[in-house]
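Chain letters run A, B, ... following the sequence lines, proteins first, then strands; residues in each count from 1.
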Amino acid sequence: MQDMPKKYSFTESEAKWAEKWSEWGIYNWDSSRPRSETFVIDSPPPTVSGSLHIGHVFSYTHQDLIARYQRMLGKNIAYPMGWDDNGLPTERRVQNVFGIKCNPALPYDPDYKLERRPVDNKKKAQVAQVEVSRPNFIEACNTLTKEDEKAFEDLWHQLGLSVDWNLAYATINDHCRKVSQLSFLDLVKKGKVYQAELPTAWDTGFGTAVAQAEMVDKDVDGRFHDLRFQVEGGGEFTISTTRPELLGACIAVVAHPDDERYKPYFGKNAITPLFKAVVPIRPSTHADPEKGTGILMVCTFGDSADVEYWRKSDLPLRQLIGRDGKMGHVDYSKEPFQSLDPQEANAVYGQLEGLFVKQARAKIVELLRESGDLLGEPRPIKHAVKYYEKGEFPLEFVTTRQWFIRILDAKEEILEKARQIKWHPEFMRNRIEHWIDGLQYDWCISRQRFFGVPFPLWYRVDEKGQIDYNDPIYATPDMLPIDPQSQPAPGYTPEQRGVPGGFVGDPDVMDTWATSSLTPQIVSGWGEDEDKHHKLFPMDVRPQSHEIIRTWAFYTIVKAWMHEDTIPWKNVVISGWILDPDRKKMEKSKGNVVTPKPFLDEYSADAVRYWASRARLGTDTVFDTKLFDLGRKLVTKLFNASRFVIGQLDSDEKFIYSLEELNFDSLGRSIEVDPCSELFKAKKRERLAKENITEALDLALLARLRYIVAEATKSFNEFEYAGALQLVEGDFWNFCDDYVELVKRRSYEEKDTPGKRSAVATLYLALKTILRLFAPFLPYITEEVWSWRFATSEGRECSIHTSPWPTVAELDRPEPKHTELYDCAVELLGKIRQAKTKAQKKLRWPVKSIVIKGSAEYLEALEDALQDVLLAGSAEDAQVIKEVAQIEGNEHFEVEIELADNE
RNA sequence: GGACGAGUAGCUCAGUUGGUUAGAGCACCUGCCUUACAAGCAGGGGGUCGGCAGUUCGAGUCUGUUCUCGUCCACCA
């Protein structure tokens, strides 16, 4: 039995319980229990190199509420935590923190000492980054992610997340790399992946291909340039373009088939200005007569529409922009660039070659102006341009060799799986349906980066030293995880790397989502431990936020379908965003993020959790510290109310626990425990609550509680924790303000009377119920109070968090005679209080007389609680006159109160 | 351009299947140190539910339309 402190120190208490919970292992998944008793959460692995902000605390609390509720239902909870540390965000952070850059050509330097040399983003160009080898770079990534993971783990502990840390993983660790590579090999076997050399969305800043899911639109300033084109055999027209630097990559000119202005030209050729290339003029519905001049040039490649057009056409590929975002080397005297005036074309292009896109644009505008082919001055416009979500330059389309997963021809199957999953809230389902419907490309999974999961394969190098990409050597599952850059292909020696007749490892790594899409399989031990896998997969719940439906949720559904023809989880639960006071999403890049730790320290973890718990599913929430205040108030109130209830229990020990009939259980068997022990006392309290609640008002309170329990349970079953909290919280304040006040005096009685017993027993049972209803939301304060009298010893079984969720059945007592009793009592008490407040008298001021008018039915209902009301209203000496009368309006009674003249 | 969501008291939000006088917290005003709680208690003022039209005996709740905000997708010459 813990002593009840006088003041609640959440700092002390929260630290104490966090420690004990770890010690007791109350959150550990029990691998021996069957799937049917298990509840599995596919928790999102946070990107550890991202900044830690209050939004994390928000959404992770939501999962924890679900976990804690299910645990109290008796479920065996598997609640893992992963760290998403592989991928570009980490690389970028490492570059910025250590001021280094990966050069795969360099050899490993075992003596390289990492130094923190923060790069000022605004002056990045001026700070020289030190080039290091690939292994050195990966070491730096590992070092930094370890630190970041520690910060997250500490925060999660303080927040009270009921994670089973035995199930923790990091997406770059051996196990995850293995699962990820296994997945790739399985997809190879199933024919779901292919390799192709295609124009692919390319981020020139990071030098890597990116997938459709990672593209975002940005509104940027651009300029329309009007260029004059000649028509072969006479005539000319004007094209408006925002990308004049691609003029040399023009392969065709198109206008709408119905556009009368250009109809005469269809079938003829145009001659491009400056480059004097002959390109066909063709009809295409892609052209919008309303836009620009209605006629446009197709270049390889200005945008995805160009790619589309080129693919379907028989036209040549004129690639200008290279992987580095610079204008590459081309020759206009040869195909596919052939010019009518190669010398002139090459002279023009010579001035562009080697320039970045932006510089080339400025240069060619100059040249066009000189040649007179630029009509008027460029006109500024705002237009949307595709970017890699983490990139700073517009995406280009560059033809490169990449690996793709076939999703375009499987839209229907994927959609079907998405529909088998329950989405909470339901309307979020159409986000994914919409996304699947709009897919345009297969999933490009290769990235020309370093800190990721390598492709488990090698290529043969022929006798001429040419790499043969057509017949890769795949690793076998027993070799995983493997790095083909450091290990030789099977059947080869390390010396044969890169030499004619030898091999080379695939240099790329996989898209981070290729691994993250396997979080269920990573946790379940897919491919490693079949028994465990079937106990954890498919999972019960995927909690996540809505901006990654198109990535994480989508890809996970794809993988589960491809590998095992199943859904990965039964439910998806979507959290909203945290908005700043201006209602903008809190994001590091916007500079409006708030660090959570100070709030946990200032207001308590319970208070912060309370704030998070109030948000309905899928609904964005404005960050407002007033709600932390409210949470802290609630915690204090729980503490104080509990002190009162337990004080009443304790004050009664002297007679209640010595009562003879309580030495027997409900079947009449004597209770065989040490009479001084806590267990004995606990059993007696239970007996008391079972058999001594007899007063009508007390029965009415339990009827209310039964309703709250039923409704809160219903909400929780639908993952609507916010609704449950609102209900429980509202009831709790009423319990304090009305019920406790009404029975206080009765519970104070010195003698052992049925009324007193009933009051104490009800307070006990109500508190026991309320604490458990609050436990998922406020794990610390509820555990603290629980430990005072409700836990009979220490350890896993005695935590409130492993106690059973309250049920209607355990509160089953007779209904009070009159269902309106409780409301009648509260109403009369309110009127007495009102009279005193209006008269500006203290609440203990005596009352001379009370005239209560109401229906016979209500007056009778009130009768059972009248004594409690009069005591609570300090009106026990008042003359009470009851009159049967018709009352207008919503109230039960009309009351006239005369206060005493003096105290 | 398409889709989804939101618009309820000064602020932040609840309002279950349409039902009598629309709720809570914060803020504001008044009073009260009542032996769980002044990080408290009691009382009070304040909204006609974005606009319009309709269905209905009756609509914040259903239908249509419209405005504003947010998000996603598409367009991207």
> For atom P, what is the distance between rU65(B) and rC4(B), given to the nearest Å?
Replying inline: 12 Å

> Got a sec: does the CD of E12(A) have more than 12 other heavy atoms crowding it under 6.0 Å?
Replying inline: no

>> If I take atom CG in residue D303(A) and atom C1' in nucleotide rA77(B), what distance separates them, rounded to the nearest angstrom?
In response: 7 Å

>> Using whole Å, what does the distance between atom C1' of nucleotide rC72(B) and atom CD1 of I436(A) come to?
In response: 14 Å

> If you check the Y748(A) side chain, which of rU30(B), rU35(B), rA74(B) turns out closest?
Replying inline: rU35(B)

> Which nucleotide sits closest to the side chain of K744(A): rA36(B), rG5(B), rA77(B)?
Replying inline: rA36(B)

> Between D226(A) and R379(A), is there a side-chain N and carboxylate O pair less than 4.0 Å apart?
Replying inline: yes

>> Checking contacts here: which listed nucleotide (rC4(B), rA36(B), rA77(B)) is nearest the side-chain heavy atoms of N430(A)?
In response: rC4(B)

> When the distance from NZ of K585(A) to P of rA6(B) is rounded to whole Å, what number comes out?
Replying inline: 20 Å

> Please give, in whole Å, the distance from rG5(B) C1' to L579(A) CG?
Replying inline: 13 Å

>> Between rA24(B) and rG46(B), how far apart are the two P atoms, rounded to whole Å?
In response: 14 Å

> Of the candidate nucleotides rC13(B), rU71(B), rC26(B), which contains the atom at the shortest distance from the side chain of K633(A)?
Replying inline: rC26(B)

> For atom C1', what is the distance between rU17(B) and rA59(B), given to the nearest Å?
Replying inline: 14 Å

>> Can you say whether a donor on the side chain of D437(A) sits under 3.5 Å from an acceptor on the base of rC73(B), or the other way round?
In response: no

> When you compare rA74(B) with rC57(B), how far apart are their C1' atoms, in angstrom units rounded to a whole number?
Replying inline: 48 Å

> Starting at CH2 of W733(A) and ending at P of rC26(B), how long is that distance when rounded to a whole Å?
Replying inline: 8 Å

>> To check you understand the geometry: which heavy-atom pair defines the closest contact between S604(A) and E14(A), and what is its length?
In response: CB-OE2, 3.3 Å

>> Side chain of L630(A) only, heavy atoms from C-beta on: which candidate in rU71(B), rG43(B), rC26(B) is closest?
In response: rC26(B)

